[in-house]
Every structure is written in structure tokens, then in C-alpha cells.
Amino acid sequence: MIRLTKLNGEEVFLNYFQILYIRRIPETKVKLANGDFYLVRDSVESIIVQVQGLLRKCLTFEDKFHEGEDVHEIKGKEREA
């Protein structure tokens, strides 16, 4: 998910994989696959940086694994016994 700020100051989190295009008109318009669109304060460049960071984390599993002696565990909530 990426975090954007609508023109009224409200934060919205969008699934990057649902974005069809991003257009500068002069504010930034983000069009989604379902036909909805958002006008946001964020620049096209700042959205691209967020997307690049998201994809880098997804593809490299950055900060997701904890190495033990013989086990690799995914970081996150600990399971209750």
C-alpha cells in the first residue's frame, strides 16, 4: 500500500497494483482499475519513490526474515502458544 494525501488533507492508502495511471493536471490524479480516481497533493515523483520502495521490499523480503540457528522465521506478530 502507498500513502497519499488528498487535496482536503485526508490520508488515503492505495493498493499500487490497482493504479492504472498517474497524471499531473496540475495537481496529481491517480486513476484506479475500478474507475475511481483521487486528486492528491503528492507529486508524481514522490508517488514513484513510494512505489519503488514498496516493490523493493516485496521483491527482496527486506526486514522480513529473522535468521536462527536452523530456522528462518518471518518477522511480525508472535504466535500465541
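Note: hydrogens, waters and symmetry copies are ignored here, and every other heavy atom, side chains too, is used.
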Can Leu7 be reached from Leu32 by stepping across I, L, V, M, F, W or Y side chains whose heavy atoms are under 4.5 Å apart? no
Enumerate, atom names and distances included, each donor-acceptor pair closer than 3.5 Å involving a side-chain atom of residues 9-21, sequence neighbours excluded.
from	atom 1	to	atom 2	distance (Å)
Asn15	OD1	Phe17	N	2.9

Using distance only, find each side-chain donor-acceptor pair of residues 44-51 under 3.5 Å and give its atom names and separation, not counting sequence neighbours.
from	atom 1	to	atom 2	distance (Å)
Glu45	OE1	Arg24	NH2	3.4
Glu45	OE2	Arg24	NH2	2.6
Ser46	OG	Ser43	N	3.2
Ser46	OG	Ser43	O	2.9
Ser46	OG	Ser43	OG	3.3
Gln50	OE1	Arg3	N	3.0
Gln50	NE2	Arg3	O	2.9

Per the salt bridge (Lys or Arg N to Asp or Glu O under 4.0 Å) rule, what does the pair list look like for residues 26-43, sequence neighbours excluded? none
Among Ile25, Asn8, Leu4, find the residue that satisfies the side-chain contact (heavy atoms from CB on, under 4.5 Å) test when tested with Leu39. Ile25
